[in-house]
Structure formats: C-alpha cells, structure tokens
Amino acid sequence: MAAVDYSARPVVVRPPTPWHQHAVFRSILYHGLVATAALIMLYPILWLVGSSFKPPDEIWTNQTAILPIEPYPQNYPNGWAGFGGISFATFYRNSLFYATLGTLLSVSASAVVAYGFARVRFRGRRLWFAIMLLTLMLPTQVQIIPQYIVFKQLGWLNTFYPLLLPRIGGSAFFIFMIIQFIRSIPVDLDEAAMIDGANKIGIFLRVILPQLTPAIITAAIFSFYWTWDEFLVPLIYLNSPELYLVSLALRTFSDPSGQTDWGAIFAMSALSLLPVFVIFISFQRYLVEGISTTGLKG
Amino acid sequence: MKNRKLVFILIAIALLVLPTLLAAAQDQTVVRISWWGSQNRHDRTIATIELYEELNPDIDIVYEFQGWGDHWTKLSTQAAGGELPDIMQHDYARIEEWVANGLLMPLDGYIGSGVIDTMNIADSSLAGGMVDGQMYGINLGNNSEVFTLDTDAFAAAGLELPALDWTWTQFEEIANQIQDALGIHGIGVLTSDQLWKSQYMGCCDQWAYAPDGMSLGYEDDQPLIDYYNMLLRLQESGGMQSYEDSVARGDQGVEAQLIVSQEAAMAYHWSNQIVAVWNASGPERNFVMYPIPRPEGGQSQNYIKPSMFFAVTSQAKNPDEAAAFIDWFVNSVEANEILEAERGVPVSSVVRESLLPNLGAAQAEMFNYLGLIEMDNSPIRPADPAAHADVVGNIFGPEFVEPVMYGMISPEEAAPYLREEANRILAAQ
Amino acid sequence: MAATLTKAKRRKPSNFGQDNLVGYLFIGPWLAAFFLFTLIPIAVSLVLSFTDYNVLSNSGDFIGLDNFQRMFFEDRRYARSVNATLKYVVFAVPLRLVFALGVAMLLNTWRRGVGVYRAAFYAPSIVGGSIAVAVMWREIFGNDGLVNFTLNLLGIEGPNWLGRPETAIWTLIILAAWQFGSPMLIFLAGLKNIPRHLYESAEIDGANAFQRFLRITLPMLTPIIFFNLIMQLISGFMVFTQAFIVTQGKPLDTTLFYALYVYRRAFELNEMGYASAMAWVMLMVIALLTALVFRSSSYWVHYESDEGPA
C-alpha cells in the first residue's frame, strides 16, 4: 500500500489531493477489497469443481484440498451416463425445457398481474393482494397431497402440466416485486400517455414495460434458477425416468445405506451449475444497461 | 411486440406437443415398479428389467426410482392418491405400518400356488416379511449387523484378533488399546437404535418391543444404562469417536465411515455395506467381519435381516404379473448375475451357489459372514411396530441419545423417560 | 432535494378513476390460477389441521383443537423448532439484507470487471440443494475446513461448528448470509432504477457521497428495501433446505427449523393433520408480522406514485 501512495502522490504545486482520495489508490483499494471478498465467495464452488476431479479413494481421504492429487476426469462420463441408459442428456433437455418455459410463463404473467395491482384501481384490490401474499406463507409440504389429488383427477400425473400450468398466474414473489418497481415509476409518465390517448393496456406496454427491464431481468434470473433447482414438486409428479429433471437425477445418485459414486455426484452437481451461471452472466449485462433504457426522460 | 407473440406461440406449441410425447400406446400388460437406491442399483435393476421384458414380450415394466428419503415422500403421496405402483421396494422398519394401513397385499396365495417359488429359500430368510402371520414382502437379500475390523490396524497396534464370540468388555478394551497405540479411534459412534434394540436380545432374550407392539418389550432399564455408560467412557477416552464429531460430520453415507479414512480401526454397519466400505478404502486394505460383541455369558445379538423387500401393493392393477416378476427377480440365476448381490446375499440357495465362483473379495467376505451368522444367530424379531419411526425419531434420538451423549443428562435419568414416552406412543397408535 | 422528494410523497392520489373491468382483466391470470390450483389445496390443509389425518391410512377424524393443544403444551420438539426458527430469523434476515445492500452499493459502479464480481458474489446463491452441497458446507465448517483455517490464521481456535449445540445454527445463519445473491440482485435492479439526474443535481448542490446516499439512494430505494424485508422475513420463517440437507435438525434440535419439523411430521411420520395445524399457526404468525411491517411502511417507504394495493 505504502509504495502505491507515494508514487501516486502528485508533484504539482496546487494543493495536493490527499492520498486516500486519489483515484488510482481508490481503484486499487476497491479492486483489492472486492476481489478478495469475491474469492471467498467463490471458494465453495471452486471446492466443488476441484472435488469433482478427485478419484473415488481421494474424495473422503483428501477432503479439504481443492485440487486433487491425481486428477480423475472419469467422474464426468461416469455421472453423465445416468441410470440404465438414460443419460444426463435427457435430464438436461427436460430441465432446459421446463426452466425456460416455466420462466417465460411466470415472469410474463407476473408483469401483467403486477401492473393490474399497481396501476389500476378496482374493487377488491387490497383483498386479493393480501390473499396473494398469504399464499406465500403456507409451506408447500402441507399442500402437496391435496394438490396431487386435484391433478390426478385432471389426469395430469406424469406430465409437465402440474408443474407448468399453475404458472399462468405468475408467482406471488415476482408480482409483488414488480409492483414495487412500478410504484417507484412516477405517474407523470402514465398521465402524459393518457393525455395522448393511450388506454391502460397501451400504458402498460409502452410506458411501464420498457422501464421494468431491470426488474424483469432480475425476475427471469431467479425464476430460471428456482425452476432449475426445484425438486419436491417434480419428484411427486414426474414418474418416468425419461421425464426426470437434473435436480431429481442428482438426488437419485446416492443411497445412504448403499454404494454411492461420490465423484459422479460432484461432477454432475458442478455441471448442473453451468446453465444457471450462463443465464446469469448473459442476463446481468442487461442489468448494467438497464440504466440507459430507463434513464428517465423527465 | 414481436417478442411477446413469439412467447405465446412457443407456449402454445409446447402445450400441444407435450401430450403426444407422453402418450405411449400400450397393448402390453403394464407392471409399475418403484425402488430407492444409488446409481449402481438403478443400472443393475434396469438391466434386469430389460432382460425380463425381452423374455416376456407381453409385459411392459414401467419403472420409477429415487433416493431413499424421496422414495417415502413420493410413495406415501401416491398411496394417498390411490396411485401406488404394482411393486414397491420396501423396508423392514416400515413394512408393518404399511400393512396396518392396508396398503400391501398378502402374497401367501401366490406362494401357495407356486407363482412365487420359495423352494430354495430358507424359512429364516422369509420370516422378515411376515406380518401377523401373513407374507407381505419377499426378501431381496440377507443382511446382518457387523463389526468390521481393519486387520492391518490391529497388526500395527500389536493386537491379536479377538474370538468370534467376543464380549462388550473385550471390545471396550480393544477400542481403548487402539486409541492408545495408534492415536486413532477404535470405532465410530455406536448410538444406532439397532443396538438399543439388540442389547436386550444379547443379555435377556428380550426384544425392544413387546410381541403385540403396544409397549416396549423390557422392564429393566439396567442393560441400556450399562451400555450407554460404556459409550460415555469410550467417548471420553477416544476409544470411540465422540458423538459431537459424528454430528459434525453428518450422515454422509457408508463411504464416509471413519474406517475408510483410517481414522478408526473398526466400523459398525450392515453386512452388505462392506462392498462400499472396501471400494472406498481401496483394494490394498484388509478387513474381516465380526458379529456384534455379546454381554458376558450372553447370546448372539445378530439376526438375519431382510435388506429390503419387494412388496405388491393393494392398489396394484396387475398383481399376478407383479408376483411373477418378483419370483423371477429372486430365483433367476440370470437376473442375479446382473444384480450381483448388490441388495445383500441372495435368499435363494441356488442363486447363491451360482454366484459363488465369481465373487470379489468384499462380496466373498460378506457371503462367508452371512453363512457364519446363519449358524449362530438370535431368533428373527417381529417387524417393528407401526409407531417405530415415531419412537425413534421423536424420543429415542432427540430425548435419549443426544442429551446423554452431550452429557446433559445421565443414562440413569434418561432411560426411564425413554421407556415412559415410548410406551405412551406405542399404546396410543 | 429533500423538499422535492417530500412533495412527491404528498402528491394527491392521481386522477385514475376506478376501473373494475380493466383491473380484473390484468389480475385475471392470477385469479384463474388461484381458483384452479391453489385454493383447494390451501382450503383442504386448513380443514386437515382440525383432524388427525394420516397420509397412509388416508383418513382422519375431526379432533377439534387437539392438534393445537398438543403443539403448544405437549410437544417439546415443537417448542425447540420455534426457538431455532426465531433465532434464525432474528439474525439471518438482517444479516442478509445488510450484506445484500452493502454489496449491491459496492457493485453499482462502472468500474472495469464489475460484471465478474457480480457473478462471483451471486455464485454461492446458485449452488442449490443437492447432496454435494451438504458435503461442501460440512467440509467448509469442518474441523480443518475453510472457516477454522481462516480463524486459525487470526490466532483463534475455531469450535467444532456443526457438532456443538451453541454453534450449529450459526453455520446455517452464516450460510444464509453467504447466499445473499437474490436480495442483492433486487437491490441492484432498484439502484439502476434511480434516475441519474437526481444525483447530478445533488452533486451540483455540493452533497458528498454519504449525503447523496442518505438523501437520494436510501429514500428512493425504500420500496425495494420494503419488498426485500417482507420477502426475507417470509422466507426466513419458512427456511427449510439448509437444515434439510446439512444438519437434519441436529444437534439437540438446535437447527430443527419449523418447516423441517412440519416436513418430518408430514412425510416421515405421515401425520398430515398435525403438520397442517403447525403450518397454519406459522402462516398466522408470518401474516401478523407482515401486516405490521405493511402498517409501518407509510412512515418510511417512499413511492413515486401513491397508487398501489397496500
């Protein structure tokens, strides 16, 4: 640190900038701090990826090390092979289908519903909003069995319908979140559009929606991950292994009382982070750009 | 708004395509089967099923599989919805509860008519699947509790291997000697409910539960108190891993046992798990399998336990075909050459003999050990009462083992409470 | 600056008239899904909470308030699960929010490499609930894991985190604080939504960074803080996965979170009636707390528009 601040000290005659306010110093401080913290944050993932390259007799005997003594990439094909000829290619296809469609459904529906709650006044609005929040507070565990019987009556067992169709109403979490974002958009814009003759639908599509980019991107990132990671509901409704998701397959690898290929579990667990990570990386760009599209014209 | 249209079209297409993907036209008889296990078991079981379908073109076996915990969550939901598969893999500790609720079908008819052939299966191997005098589960493999000894560690500590009918006193001494000589534990924690239930068999020829399952089977808390005082001494000396350490490590499966990482010289587990232990340890290690130590002057605490069952559910659509498949699964040499005793030592003597020549070291040790136990065992216990999970999960673990092992209460104080509470739950079921 | 914000807050309700048809049109999808898929299971679980319904026998009798009597007066483990959950909520929720907001502020810049940092800070939040993750967290808090290794460097001898009843719950609280990614992203999105011109005019007024934070960032962010607070509160009470995969409630029930206990009763012991009763008690407690926070919101949450459902 000391070396930096002296070399960076300006030698001009004007009142010197105090060293701790100097841009270079602040930049180094920022990156030093943030990068260290980021490394700590990344440690678990580094460990997971490292362990996925450990041979079977190293996993429990060389547990703390990040790097394997003898790299063993064989874990990946072993895990990828899946079960009895149904490989992870199938599970990835199913998960990608479910997470993509599920995210599209729940995020687009949430935006529509949120606009209704946030910008339209109607009888019963407060009541429905309260009920919507209440649905978040009851653990799924006690709803599963009655729900199972409902979907059974509809003949939808062993299909994706029970997982996808409830999403046509959006998710309470995203609806509430988007409501909060809409409410921080000044109503002047709506009013201006209204004077121009736009109706509610027009206002939603042309005024509100473009401003919601950061919120919708955020919702999409979460929704994809939560859908990708979901296991209790898919476990109950998907019977055929050809329909299993990655999250289910990962839980199907091990048996506490039998033989477990931990290397394969680590390998497939590490790999299963990849799509979620890719979605995040490619979407977070829009979070940064969000500011330019939403920079208010007011 | 082109994007939004695209979204709707995508959704519409997906909804149209899905059902056609899922509807598979069937003119075969469908038998649904569900089991728990790990990758190895899934692979072997699926291969066996495929062979069966090849031999029986009119049968379509539709399978589901999952991990142990998920199995019960899923199957109990299916039970409530009337959607149970024809065949389900079942467990000794739960079968009574499922029978009590009328969810399983008695198989005596199929055994009588020869659909399920039990000619080559010893009665002791079948007894575990009997509830109230009827057969509800066909045993898929014999199992027994075992103390596995690392012979290299014993040699390094300068210890002789004990006699096969070793006692708890000898065991305690050995565990401490290992700790003294090698600085590693003698063994991992020994607080499993299995050992609680067995204690009374060794000393007093009693089972933890009364025959009718409505109360505990013992009146005297002393054997239990003595046993836990021994565990506390061993925990103190390091002869046994501390309970705290075992909690910190968690239940991470057979491969994480201390004997694997050479942090202990002995291990307590089920006999079929020796394969996993040996695999994770490496082929250069040497293990021998011992029965549970017995009390001074007492009898063997070991018994032959079915590792798991196949049961036909009462919601089965095609129970006849299900029974036929179970028969083949248990008796066919071909099937068992694929299964390779992964579920424990096969119950059919014919199958056992056909497998003998091709066994690996760990499996050979397991087969030998089961042979030994068959010669000297205690009688098969009745299946656990329906409230067993409640007693163990809510009383034995949290109100007895944990407070005692954390030193919050003495075994003398905790044992009567355990008996009282357990009796209350058992009486109320 | 402060004056304009106050003015915005005081703005009279805008000139939107009541429009039932349009309103129900927009929330229609949610209503449809609610009536089709959510209402029945919720209503059934409420009914079951007054019964001794058992999943395996698929039957149960009405037993009045027995379930509630049992949970409040007889079930020792219930009390412990309440204890563990409250402790978790009290510590984990504020920690997560503070971390999330702090890091979001730190990452809300145009510096080079900030995208990489954002990904790194979000990374722990996507590791999910597989068995590998349980092994991973155990390893990190194990005797020679990362946490104790770091403490050792500082000259502190770390405890046996997961083995001791005093510390086990802290591993889950730290784990929760570690996984602050989702509130952080929401904060980031919220920060992006603050119009830049507010900062520019404040800078002209000579406000320093801290003043800008206090006068612009904080008030403009209150709707998002409010949202994150409510959601973290709800998810804090419903915490399940961490205990389910890492500690299984041990040791001595110090990490037996409420939702985990509900799950155990419902699926390991098949006592769905009792589990439903427990779930409904929790719902009422969360609802009450949420209502209180909503009540308080008129004092501290600043909206650009007074429109809104609550």
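Numbered from 1 within each chain, the chains take letters A, B, ... in sequence-line order.
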Q | Largest heavy-atom contact set with chain C, pairs under 4.5 Å, which of B/Gly69, B/Ser76, B/Ala79 | A | B/Ser76

Q. Taking every heavy-atom pair that is under 4.5 Å apart, which of B/Leu75, B/Thr77, B/Asn101 has the most such pairs with chain C?
A. B/Asn101

Q.
Just checking C/Phe72: does its CZ atom have more than 12 heavy atoms from other residues, nucleotides or ligands closer to it than 6.0 angstrom?
A. yes

Q) So which part of C/Phe244 gets closer than 4.5 Å to some heavy atom of chain B, the side chain, the backbone, both or neither? A) neither

Q | C/Arg264, part contacting chain B, at a heavy-atom distance under 4.5 Å | A | neither

Q. Once you round to the nearest 0.5 Å, how far does CD1 of B/Ile395 lie from CZ of C/Arg77?
A. 8.5 Å

(Q) I'd like to know if C/Arg80 and B/Glu399 make a salt bridge, using a cut-off of under 4.0 Å between side-chain N and carboxylate O. (A) yes

Q: Check whether C/Tyr263 gets within reach of chain B through its side chain, its backbone, both or neither, counting any heavy atom under 4.5 Å.
A: side chain

Q: Go through B/Glu97, B/Glu244, B/Arg249 and name the one with the most non-hydrogen pairs under 4.5 angstrom from chain C.
A: B/Glu244

Q) When heavy-atom pairs shorter than 4.5 Å are enumerated against chain B, which of C/Arg138, C/Arg265, C/Glu139 gives the highest number? A) C/Arg138

Q) With a 4.0 Å cut-off, would you call C/Lys250 and B/Glu402 a salt bridge? A) no

Q) What pair of heavy atoms forms the shortest contact from B/Arg94 to C/Glu268, and how long is it? A) NH1-O, 4.3 Å

Q) Can you name the closest pair of heavy atoms from B/Ala80 and C/Asn58 and give their distance? A) O-ND2, 3.1 Å

Q.
So, taking the atom named CH2 in B/Trp72 and the one named CG in C/Leu56, what distance separates them when rounded to the nearest 0.5 Å?
A. 9.0 Å

Q: Give, as side chain, backbone, both or neither, the part of C/Ala266 having an atom under 4.5 angstrom from any heavy atom of chain B.
A: neither

Q) Is any residue of residues 150-178 of chain C within less than 4.5 Å of chain B by heavy atoms, and which ones? A) C/Asn160, C/Leu162, C/Gly163, C/Arg164, C/Pro165

Q. Rounded to the nearest 0.5 Å, what separation is found between the CZ atom of C/Phe267 and the CG atom of B/Asp70?
A. 11.0 Å

Q: Work out which heavy atom in C/Leu269 is nearest to a heavy atom in B/Ala389; give both atom names and the distance.
A: CD2-C, 3.6 Å

Q) Which value, rounded to the nearest 0.5 Å, describes the distance between B/Tyr243 atom OH and C/Leu252 atom CG? A) 7.5 Å

Q. What are the residues of residues 404-416 of chain B, in order of number, with any heavy atom under 4.5 angstrom from a heavy atom of chain C?
A. B/Tyr406, B/Met408

Q: To the nearest 0.5 Å, tell me how far B/Asn394 CG sits from C/Asp75 CG.
A: 7.0 Å

